Amino acid sequence: MLSDFLLDYLSIIIFLIIALGLSCAFVVVNLILSPKHPDPEKLSAYECGFEPFEDSRMEFDVRFYLVAILFIIFDLEIAFLFPWAISLGNIGGLGFSSMMIFLFILTIGFIYEWKKGALDWE
């Protein structure tokens with residue numbers, strides 16, 4: 001019973017042991033060989049390009065939120081395209097036409113956002 005289990009899963013167990021060993025080795029080598037002299041920029045609270053805010057209730061530019069929303073919309077488009085492309089041979093003409101309608105509506109939305117100037121950064 002145990003020998004059958006080991007024969008079936010021995011390659012996976014060896015792979016996991018090697019992966020765990022390599023990942024631990026990389027972390028240890030990084031801790032030993034990495035430079036330990038951080039500069040003042042690295043020690044600052046933020047590395048995003050602007051200073052930390054004085055007040056947490058400070059007004060924030062709405063364009064940041066708009067870019068985030070647009071990213072989520074087009075990221076979801078890609079998330080729907082991968083399974084559709086993989087199963088395209090099985091779903092036939094109805095699946096193809098429904099995805100083309102989805103992509104058409106998404107393209108219309110993209111053109112609308114573009115015409116409204118939502119993608120322009122001033």
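In this text the structure is predicted, and so the values were computed from the model without any measurement. In what follows, residues are counted from 1 in the order of the sequence shown.
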Checklist line | Non-hydrogen atoms of Phe80 and Met99 that approach each other most closely | finding: O-CE, 3.5 Å

Next item on the list: Treating Ile, Leu, Val, Met, Phe, Trp and Tyr as nodes and any side-chain heavy-atom pair under 4.5 angstrom as an edge, say whether Ile78 and Trp84 lie in one connected cluster.
Entry: yes

Next item on the list: Could you list the residues that satisfy ring pair (Phe, Tyr, Trp, His ring centres under 6.0 Å) with Phe96, not counting sequence neighbours?
Entry: none

Check: Ile12 and Ile14: same hydrophobic cluster, using ILVMFWY side-chain contacts below 4.5 Å?
Finding: no

Margin query: Membership question, hydrophobic clusters at under 4.5 Å side-chain separation (ILVMFWY): are Phe26 and Leu31 in the same one?
Written below: no

Notebook entry, point to check: Going from CD1 on Ile17 to CG on Leu22, what distance comes out if it is rounded to the nearest 0.5 angstrom?
Noted result: 12.0 Å

Contacts under 3.5 angstrom, residues 102-118 side chains, donor-acceptor by atom type, not counting sequence neighbours:
| unit_1 | atom_1 | unit_2 | atom_2 | d |
| --- | --- | --- | --- | --- |
| Thr107 | OG1 | Leu103 | O | 2.7 |

Check: Ile32 pairs by side-chain contact (heavy atoms from CB on, under 4.5 Å) with which of Val29, Asn30, Val28?
Finding: Val28

Notebook entry, point to check: Closest approach of Ser98 and Gly95, non-hydrogen atoms and distance?
Noted result: OG-O, 2.9 Å

Next item on the list: Rounded to the nearest 0.5 Å, what's the gap from CD1 on Ile91 to OG on Ser97? Could you check?
Entry: 9.0 Å

